[in-house]
Amino acid sequence: MRKYLFALVVSAASIMSYSTGGAADGELRFGLDGGYPPFASPNTEGQLIGFDIDLGEALCAEMKRKCVWVRQEWDALIPGLEVNKFDAILASMLITPERKQKVLFTKPYYAAKALFVGPGTNSVEQITAAELDGKTVGVETSTAYGKYLESKFGDRVEIREYPTVTEAFADLKSQRIDYVLNDANSSYFAIKRDGEAGALRLIGEPVVDPILGEGVGIAVAKENTELRDELNKALDRVISSGKYKTINKTYFPYDLR
């Protein structure tokens, strides 16, 4: 299990330093776990890349701020926001009623859909309750996917949580679990990355359920309506200018929204 001993800070220029408190003038600190390709993950040089990173940089440009990226374990992101380790969470976080009690969200910047992923040797065409009976399904820790499984199939399935979905996919490839339930877009990327001869395949139609949230938004502290409104306006400009579409096409052949 991967542990972060420190919250790593990676600037837009990918110069690494450590967070020492509040943001400097003109900075906007985004918290993220950085283990969620193609939305945010390190490249071979250790620089964070992905859809969330490009969108954040576009938002910062619109707001005339400098993005600072602060890495934090997923289940410590909201607690980190609450103690001002960063100003906002831009980490493909689903908007759920439970999270809305703790933070404010911007309008969704992409839709919420989930997909089951199985090993390439699995010939199942659609996931049913009977298919999940006695199976082990991996999910990223503290995500809505675990809650969905517990609510719909809790009496049939063993849910195994991982710090990152990358680690869940690794266990799936090693046949230590039977399926992974994950964001549809990230799962699509995992399959595409492996190619036709890859060890994983998508199973069935995308899952859409209120438990999975209203979409994916940027979270800010509960009282920070000013930053939420500023981010919403910047997001509108990024979308209307065509920058969002350009970023979208860089990573996906279909519209995320």
Side-chain angles (χ1 to χ4, degrees), residues 1-11 16-24 27-37 39-42 48 50 52-53 55-56 59-60 65-110 112 138-151 159-168 181-183 186 211-232:
M1 178 182 294
R2 185 173 66 178
K3 295 289 186 183
Y4 296 113
L5 299 179
F6 302 97
L8 299 180
V9 181
V10 185
S11 74
M16 300 182 74
S17 60
Y18 291 99
S19 177
T20 56
E27 288 184 346
L28 178 56
R29 300 167 302 163
F30 284 123
L32 77 173
D33 70 331
Y36 199 50
F39 293 95
S41 62
L48 286 172
D52 282 347
I53 305 300
L55 179 63
L59 293 173
C60 283
R65 307 273 286 272
K66 177 185 177 184
C67 279
V68 175
W69 298 95
V70 183
R71 294 190 69 180
Q72 183 78 57
E73 284 185 321
W74 173 263
D75 55 6
L77 282 172
I78 289 179
L81 180 65
E82 292 173 335
V83 298
N84 195 34
K85 282 188 174 181
F86 28 81
D87 305 300
I89 300 170
L90 204 175
S92 290
M93 181 170 278
L94 288 167
I95 302 170
T96 66
E98 182 183 44
R99 289 177 181 148
K100 287 168 72 173
Q101 292 179 9
K102 300 177 181 177
V103 299
L104 288 178
F105 280 101
T106 62
K107 61 184 65 176
Y109 64 89
Y110 70 85
V139 297
E140 188 169 1
T141 301
S142 302
T143 59
Y145 310 117
K147 291 182 174 62
Y148 171 82
L149 288 172
E150 182 64 36
S151 172
I159 303 167
R160 188 169 300 174
E161 295 191 322
Y162 294 84
T164 68
V165 73
T166 302
E167 291 162 275
L181 182 63
N182 182 49
D183 166 68
S186 182
I211 295 175
L212 298 180
E214 303 168 17
V216 169
I218 303 169
V220 302
K222 193 74 173 176
E223 69 282 1
N224 201 348
T225 56
E226 182 178 353
L227 179 57
R228 189 245 351 239
D229 294 345
E230 193 178 357
L231 284 165
N232 274 336

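Keep in mind it's a predicted model, so treat the numbers as computed, not measured. Residues: numbered from 1 along the sequence shown.
Considering CH2 of Trp74 and OG1 of Thr164, their distance stands at 12.0 Å, rounded to 0.5 Å. Rounding to the nearest 0.5 angstrom, the gap separating the CZ atom in Arg71 from the NZ atom in Lys85 is 14.0 Å. Within the model, atoms CG of Leu59 and OG1 of Thr106 stand 8.5 Å from one another, a figure rounded to the nearest 0.5 Å. Here the OG1-CD distance, from Thr143 to Glu161, works out to 7.0 Å after rounding to the nearest 0.5 Å. Rounded to the nearest 0.5 Å, atoms CZ (Phe105) and CD1 (Ile95) are 6.0 Å apart. Rounding to the nearest 0.5 angstrom, the gap separating the CG atom in Leu149 from the CD1 atom in Ile159 is 5.0 Å.
Judged purely by atom type and a 3.5 angstrom limit, Asn182 has no side-chain atom pairing as donor or acceptor with the backbone of Glu140.
Considering every non-hydrogen atom in both Gly35 and Thr166, the closest pair reads O-OG1, 3.4 Å. Closest heavy-atom contact between Ile78 and Arg99: CD1-CG, 4.0 Å. Counting all heavy atoms, side chain and backbone alike, Ala112 lies closest to Gly213 at CB-O, 4.0 Å. Residues Arg29 and Val70 come closest through the heavy atom pair CB-CG2, 4.3 Å. Across all their heavy atoms, Ala144 and Thr96 have their closest contact at CB-CG2, 4.3 Å. Of all the heavy atoms in Cys67 and Gly56, the pair that sits closest is SG-O, 3.1 Å.
Among the candidates Leu48, Asp52, Ile89, the single residue satisfying the side chain to side chain contact (heavy atoms under 4.5 Å, CB included) test with Leu32 is Leu48. The residue from Leu77, Val220, Leu28, Val68 that alone fulfils the side chain to side chain contact (heavy atoms under 4.5 Å, CB included) condition with Phe86 is Leu77.
Atom NZ of Lys102 is surrounded by 12 or fewer heavy atoms from other residues, nucleotides or ligands within 6.0 Å.
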Residue pair Tyr145, Asp183: steps toward the side chain to side chain contact (heavy atoms under 4.5 Å, CB included) verdict
CA-CA 8 Å; Tyr145 310 117; Asp183 166 68; 3.1 Å; yes
List the steps, then state whether side chain to side chain contact (heavy atoms under 4.5 Å, CB included) holds for Tyr109 with Leu90.
CA-CA 10 Å; Tyr109 64 89; Leu90 204 175; 3.3 Å; yes
Give the C-alpha distance, both sets of side-chain angles, the deciding distance and a yes or no for side chain to side chain contact (heavy atoms under 4.5 Å, CB included) between Tyr148 and Val139.
CA-CA 10 Å; Tyr148 171 82; Val139 297; over 6 Å; no
Evaluate the criterion side chain to side chain contact (heavy atoms under 4.5 Å, CB included) for residue pair Leu104 and Thr225; output intermediate values, then yes/no.
CA-CA 8 Å; Leu104 288 178; Thr225 56; 3.7 Å; yes
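Residues satisfying the ring pair (Phe, Tyr, Trp, His ring centres under 6.0 Å) criterion with Tyr110, sequence neighbours excluded, are Phe39.
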